[in-house]
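Inspection log for the structure reproduced underneath, given as structure tokens.
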Amino acid sequence: MVETNDAQLDRPLQPKDGTAGIERPKALLDSLPEDPRPLMTLSSRHVVSSRQFDRETLVQIFRLAAQYESTPALLHPPLAGKILISAFYEPSTRTRLSFESAWHRLGGDIMSITDPKSTGMAKGESLADIAEMFNNYGDVIVLRNNEGPAIYEMLDSLRIPIINAGNGIDEHPTQAMADVYTIMKWRPELARTDLPAGQRIRIGIIGVPSRMRTVRSLLLTLGCFAHAIEEVVILSREDDLFDEGQAQELAEAGLKVRVATDLDGELPSLDVVYINAIAWVGDTFEAMGMDMRLSAASPLKKGAIVLHPLARGEELSTDLDKTPHNWYFAQARGAVFIRMALLTCMVRRISEVMDVPDVGRG
Amino acid sequence: MVETNDAQLDRPLQPKDGTAGIERPKALLDSLPEDPRPLMTLSSRHVVSSRQFDRETLVQIFRLAAQYESTPALLHPPLAGKILISAFYEPSTRTRLSFESAWHRLGGDIMSITDPKSTGMAKGESLADIAEMFNNYGDVIVLRNNEGPAIYEMLDSLRIPIINAGNGIDEHPTQAMADVYTIMKWRPELARTDLPAGQRIRIGIIGVPSRMRTVRSLLLTLGCFAHAIEEVVILSREDDLFDEGQAQELAEAGLKVRVATDLDGELPSLDVVYINAIAWVGDTFEAMGMDMRLSAASPLKKGAIVLHPLARGEELSTDLDKTPHNWYFAQARGAVFIRMALLTCMVRRISEVMDVPDVGRG
Amino acid sequence: MVETNDAQLDRPLQPKDGTAGIERPKALLDSLPEDPRPLMTLSSRHVVSSRQFDRETLVQIFRLAAQYESTPALLHPPLAGKILISAFYEPSTRTRLSFESAWHRLGGDIMSITDPKSTGMAKGESLADIAEMFNNYGDVIVLRNNEGPAIYEMLDSLRIPIINAGNGIDEHPTQAMADVYTIMKWRPELARTDLPAGQRIRIGIIGVPSRMRTVRSLLLTLGCFAHAIEEVVILSREDDLFDEGQAQELAEAGLKVRVATDLDGELPSLDVVYINAIAWVGDTFEAMGMDMRLSAASPLKKGAIVLHPLARGEELSTDLDKTPHNWYFAQARGAVFIRMALLTCMVRRISEVMDVPDVGRG
């Protein structure tokens, strides 16, 4: 028999907005002018790499996400009758449920694949044939696969759009959008192109750009907001932090990137600290950077926010959860709304949630 | 080639109400006055232990379940737009489908977790973090877990209600509600507080209260109807039938509990015979009490009903299926309606299915 | 980092009707007179064997499928509020998603079982008890099981209709309907009973009738269109190509069946070539006929179409994909609409999609 605590069962549930920061989407929404045009370019487009997005498009995705996050319930769900194929060929609950929750809130239906052993792949089916199959059954695909090139091998056969929800150590573009969306909710003025130099922020990333898909995509996305970033500090003691050409691509985007190893020395001057310790290798993962941990005792700058893609391990102490530095719970929550915004655009239903210009009429 | 039987394929399907007893919900419904107030206390409440319920609340849950069971289809599904997280970390089809069917009939959407290996738990995520994740993605959680304390470890982090669908050897409160709901459909007068002493029933339970979660929860729930029960006879030859304090708690509730081993000696005087042979131990199960079996040859009292939480093994012979003693099929069917009633209350949608008093207005 | 190809990401998606043949359902639809009466006999009927269908019923199923395939979206989904139990006790993605996509497009909800280890079967539950459980939770069952007799063992306990989605080496009737539907879209006049002898077609089947469920069901279904078929040539070097009585049953249906081994010698005179190389044996499969392959270099007759139930292996070369012989992609796509048609009839909702005669009124 489990020892129970009646008080625990009887206490009222805390309201949904109890976590630091999640009341902010309204501020972000109000600070951005609506412009549906960049969103219309996403119609029937694949979302595979963070490289596909520019600042204007990201800002409008953030705006639509903030609109969804500020609205408790949709009266007319814009994706009624649409079918999502949620194909997770690598273990995941968090990302899968985040996408599926987003799709359900938009009113759509879902077919899930959660066990690679239960699939045609077990019969040795090619990726092109699987793509051809998906064309017949759904309207959008969300794919997670531990082999980086797999999603690219499907593209030529697809007639419905696909979202990359993590392909090996390559990319995870919607996670990066959710990361930067969180930063924008915290400081909406960062989305503006006329930000005074004195208001630029300094971002620390505890992680390995060449081995972590979340870090790779985050850096590419931050490249679209280089004007608002004083410096990005990569905190790691690993070798081969960058792939060939990776650092140069970020420099060309205008991002100043520096590597450092003295975590406590850097923390006092960082406005945003992003931490991740998991790198996927084949069908398992490796924890790295366990010598760099964050806790309530870390010398974090006053007002600084901590981000983490979750699930976390020991690198992020739970004693930070109750502090105002905790924006990682808001980040996880916001990811649902980012995905709602992106999915709405991809299935050509923006006109259901905002006024769109009359394209192609005389 | 399978030998086919054309007659078998061509015969018309039997109507849905062919099983003994399932035509009775209308009688129960009519015998109980509607009172939404106890149901309103369930709004945004967790359902973890049968200990949380009193007679008044149970009776109204039974009444709402009977209302659902009497109504073929809901014109306005009260849970449209709501999302259930169906998290089964222990093998189950029956309970999972029962909850999911209930939720779908109410018009809601579902995200299922059926394979613990496909989840964040594989990455060593804490229960508190999993709870925090669930907050963002759904409106209610149904959790089955083979470790009893797990659900209690999640409570402090939850901002959405959770239902315990079986936690190890601890409890399974909605199964117990379904059990007693079946008894009330069979004899609606048992729900009344003014039951004459001569109409009290005698209940036999073939099972182990300390090791079977269904039996533990059933006894607690029967405790709310102690006035209607002459005696409960536990039929078992196992040692340690009760946990410390368990027998005393039942006695304090007014339930007379006696242990016996002579099954055929007791059967002729029992009105209700509940049988279960499966006890969960870690991630597997153990069959116990296989020396006590029921069949059409058992000396059951005329008019007595047999209950079983199913799935059954050899302890319950299929030759009882066609006899009027079979109320276990009605019990399984009724469980869907009990869960519909409970879920409606938990997500604050009672006002969609009955008139509720105007609370908190001046 | 994965090497990306920006042009690949930026190219517009090909329209949905890019595959040979899928624009043809309108022609089939227009060539067939509507007659709902045969469809009404499917109400609440099980679909287990291709033996259950006659020409009139098949033609009306094809017609309704063609109607669905010609209609982009249903304004009033006829299966709203209905629940499908999708029970796949054998690995499958393709057939499962095909059925689930069909059901979702009709507006229904779904509960999936994809992992036999997560089910009550693990507790040794009988098939009859599982059937009894399904009665309580859904409106239709789709079952795939690697043991042929299992579905027959469930029939007596079922009060809701079940569809056989593949039972071991026995049958797969909806696959056969999809196969013949494809042939009818290619040559709508084959559905007519007054087809001139000179227009009859010759069909080659590379496969083993006694060991492949798709081939067994296909032959039974072709038997309903014997008047339109000059000859069926079974191409195989296996022994025991037919079960006892199987060849005789086909002969009694009027189908001329001949066995041959010289693939390239037969191909120039075949109008339809069906190829399959997978035979299920218990919970695994065996590839057979790998000495008979089709490729763009095969001496296919001009205008001939190639069918394959997919997933394919090396027996069907991808270099045929871009040729006009490729009707296997259209076949896979059409299977969704065949299932929509059949499911609509089984849950008594034909009246939602066509005018039905007033049955049983005075």
With a 4.5 Å cut-off on side-chain heavy atoms, are Arg333(C) and Asn135(A) touching? no
At a heavy-atom separation under 4.5 Å, does Ile110(A) approach chain C through its side chain, its backbone, both, or neither? backbone
Distance-only, no hydrogens or angles: does the His104(C) side chain make a donor-acceptor pair with backbone N or O of Gly81(A) under 3.5 Å? no
Can you tell me how far apart CD1 (Ile83(A)) and CZ (Arg105(C)) are? Round to the nearest 0.5 Å. 5.5 Å
Gap separating the CG atom of Asp109(A) from the CH2 atom of Trp103(C), nearest 0.5 angstrom: 12.5 Å
Holding to side-chain contact (heavy atoms from CB on, under 4.5 Å), I want the full list of residues that pass it with Ala332(C), two or more places apart in sequence or in another chain. Asn136(A), Arg94(C), Leu310(C)
Run the numbers on Thr93(C) and Met133(A) for side-chain contact (heavy atoms from CB on, under 4.5 Å), then give the verdict. CA-CA 10 Å; Thr93(C) 299; Met133(A) 168 178 74; 3.9 Å; yes
Using the side-chain contact (heavy atoms from CB on, under 4.5 Å) criterion, which residues pair with Glu56(A)? Sequence neighbours excluded. Pro38(A), Asp54(A)
Which atoms of Ser112(A) are under 4.5 Å from chain C, going by heavy atoms: the side chain, the backbone, both sets, or neither? backbone
